[in-house]
**Q** 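Got a structure for you, written out below as structure tokens; questions coming shortly.
Residue numbering restarts at 1 for every chain, and letters A, B, ... go by the order of the sequence lines.
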Amino acid sequence: MEPEQAEHLSQLHSRITSWFTRNARPLPWREPDCSPWGVLVSEVMLQQTPVVRVLPVWQEWMQRWPEPAALAAEPSGEAVRAWGRLGYPRRALRLHAAATAIVTEHGGLVPDTHAALLTLPGVGDYTAAAVAAFAFGQRETVVDTNIRRVHARLVTGNALPSQSLTAAEMRLAVSLLPDDDAGSVAWNASVMELGALVCTARNPSCEDCPVLADCAWVRAGRPEPHYVPKGQAWHGTDRQVRGAMMAVLREAEGPVLRDLLLAGPVDLAAGQETVTTPLAALHALSAPQEQLERALNGLVRDGLAELSGDGLRLPA
DNA sequence: AAGCCGTGGGC
DNA sequence: TGCCCAAGGCT
């Protein structure tokens, strides 16, 4: 690297990490006394879920299951129930399975290497890097959606990162990472926070950006994205039905009659049900019988629910 | 290797 | 209102 480039990179590091020290949100999993287990739980909960919704659930989990062994000692259904409405409940299942693996394979301690973390259920490349960096202070190339977006704008000059993580993006992230452990950890956390608070997907607050003058995207006149993100369908999908069924199971004390879950639109007409309970909400979807059965079978197949007599319940 | 997998807040 | 998006992972 040319000396000028090294100097420029060094300035980016100091500007963004300095911004972080002044603007970072006080999140409990960033506190020095937070355990690696706490960091791992936070990272999994934060997969595709906003911080504000994670906060209260993470607090409950840490109080109830302060270490992996505590969670592993309970049925996976308890993890799913305590997951509440965070979404993607299979993450709760995977966290429970990860806790079990940590107990059986790692003596109850969250592993401290990227490779070992990667073997845990629900831990992919991002989460493994994040835990190694934030829980164990290691130099890791952390690449999440926030970091990718900041890199795309600041360096590449694009409005958004590519639709899937490319080798070029990975190389760029590696090239930007500070050489020392502490510096790299601070850099990862800082760029991520910048993406979450300032360099947001929509309506970025460029006036608050510590590296506005260096931004290739702004310099290029803020060109539009190269593509239009295709939104995920929701209404009428299996996911919607599965979600409604899970809401019923979470709220229920014990098994819920299968026939109650599978009640089709036919029953809706006769009933005086108002949409104030999860079951009423499920029925209000008026999903076809075939879809209801497919959704139910899917939940069982994925381990989110199990059959119990003529009913369905969270794994006990 | 695209498509699937929840949920709710903000614009 | 409806649509987009949020610290991804798995198959």
Side-chain angles (χ1 to χ4, degrees), chain A residues 20 24-25 27-30 38-58 80 83-95 97-98 117-135 140-151 159-166 173 185 188-197 199-205 225 227-250 278 281-282 285 294-295 298-299 301-305:
Chain A
F20 181 78
R25 294 165 291 182
L27 303 176
W29 46 82
R30 284 185 186 148
V39 174
L40 174 59
V41 171
S42 80
E43 290 298 344
V44 174
M45 287 183 171
L46 287 164
Q47 292 168 3
Q48 302 285 283
T49 305
V51 165
V52 287
R53 292 223 308 272
V54 165
L55 274 169
V57 181
W58 183 87
V80 173
W83 196 252
R85 304 187 67 82
L86 285 184
Y88 290 151
R90 282 186 290 182
R91 292 182 292 163
L93 232 39
R94 293 174 184 147
L95 215 29
L117 286 160
L118 204 49
T119 68
L120 299 175
V123 176
D125 202 51
Y126 160 75
T127 303
V131 172
F134 302 138
E140 290 278 335
T141 308
V142 179
V143 180
D144 78 321
T145 187
N146 288 311
I147 291 178
R148 294 180 63 210
R149 188 172 54 251
V150 172
H151 290 175
L160 296 175
S162 54
Q163 301 186 54
S164 60
L165 181 58
T166 65
V185 170
N188 284 325
S190 302
V191 176
M192 204 178 306
E193 190 77 341
L194 186 67
L197 298 183
C199 195
T200 51
R202 286 173 299 183
N203 301 326
S205 307
Y227 60 93
V228 281
K230 49 180 174 182
Q232 297 177 332
W234 175 248
H235 291 286
T237 63
D238 288 3
R239 295 167 69 188
Q240 187 183 29
V241 176
R242 287 169 58 116
M245 280 187 182
M246 286 304 298
V248 174
L249 298 186
R250 278 196 308 268
L282 171 62
L285 295 178
R294 188 170 60 240
L299 294 180
R301 166 177 44 79
D302 291 343
L304 284 166

**Q** Side-chain atoms of residues 121-133 of chain A: list all donor-acceptor pairs with protein atoms under 3.5 Å, sequence neighbours left out, distances to 0.1 Å.
**A**
{"unit_1": "A:D125", "atom_1": "OD1", "unit_2": "A:H114", "atom_2": "NE2", "d": "3.0"}
{"unit_1": "A:Y126", "atom_1": "OH", "unit_2": "A:E43", "atom_2": "OE1", "d": "2.7"}
{"unit_1": "A:T127", "atom_1": "OG1", "unit_2": "A:Q47", "atom_2": "NE2", "d": "2.9"}

**Q** Give me the first and last nucleotide of DNA chain B, going 5' to 3', that has any atom under 4.0 Å from a heavy atom of chain A.
**A**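 In short, chain A contacts DNA chain B from B:dG3 to B:dC11.
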**Q** Quick one: label A:I147 by what it contacts on the DNA or RNA (base, sugar-phosphate, nothing), any heavy atom closer than 4.0 Å.
**A**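 Since no nucleic acid heavy atom lies under 4.0 Å of A:I147, the category is nothing.
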**Q** Base, sugar-phosphate alone, or nothing: which one does A:D302 contact when heavy atoms must sit under 4.0 Å apart?
**A**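 Nothing, no nucleic acid heavy atom in range.
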**Q** Quick one: list whatever passes salt bridge (Lys or Arg N to Asp or Glu O under 4.0 Å) with A:R242, sequence neighbours left out.
**A**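 Partners of A:R242 under the salt bridge (Lys or Arg N to Asp or Glu O under 4.0 Å) test: A:D302.
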**Q** Go through the structure and list residues passing salt bridge (Lys or Arg N to Asp or Glu O under 4.0 Å) with A:R25, not counting sequence neighbours.
**A**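 For A:R25, the residues satisfying salt bridge (Lys or Arg N to Asp or Glu O under 4.0 Å) (neighbours in sequence not counted) are A:E193.
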**Q** Quick one: list whatever passes side-chain contact (heavy atoms from CB on, under 4.5 Å) with A:R53, sequence neighbours left out.
**A**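 Here the qualifying residues are A:T49, A:P50, A:L86.
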**Q** Go through the structure and list residues passing salt bridge (Lys or Arg N to Asp or Glu O under 4.0 Å) with A:R148, not counting sequence neighbours.
**A**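 Applying salt bridge (Lys or Arg N to Asp or Glu O under 4.0 Å) to A:R148 gives A:E169.
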**Q** Apply side-chain hydrogen bond (donor to acceptor under 3.5 Å, both in side chains) to A:N146 and list each qualifying residue two or more places apart in sequence or on a separate chain.
**A**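 For A:N146 the side-chain hydrogen bond (donor to acceptor under 3.5 Å, both in side chains) partners, ignoring immediate neighbours, are A:D144, A:R149.
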**Q** Do any N or O atoms from the side chain of A:W83 and from the backbone of A:L93 form a donor-acceptor pair under 3.5 angstrom?
**A**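 No; zero donor-acceptor contacts below 3.5 Å.
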**Q** Taking the same atom, P, in C:dG9 and in B:dG8, what whole-Å distance lies between them?
**A**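 Those two atoms are separated by 23 Å.
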**Q** Of all residues at least two apart in sequence or in a different chain, which pass the side-chain hydrogen bond (donor to acceptor under 3.5 Å, both in side chains) check with A:T141?
**A**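 Here no residue qualifies.
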**Q** For C:dG8 versus B:dA1, give the span between their C1' atoms, rounded off to a whole number of Å.
**A**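 After rounding to an integer number of Å, I get 15 Å for this pair.
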**Q** If you pin A:S164 and A:R239 to their nearest nucleotides in DNA chain B, which one's is more 5'?
**A**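 The 5'-side residue here is A:S164.
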**Q** At under 4.0 Å between heavy atoms, which parts of nucleotides 4-11 of chain C does protein reach? Answer with one letter per nucleotide, 5' to 3': B base, S sugar-phosphate only, - none.
**A** BSBBBSS-
**Q** Taking atom C1' in both B:dG6 and C:dC4, compute the distance separating them and give it to the nearest angstrom.
**A**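 15 Å, rounded to whole Å.
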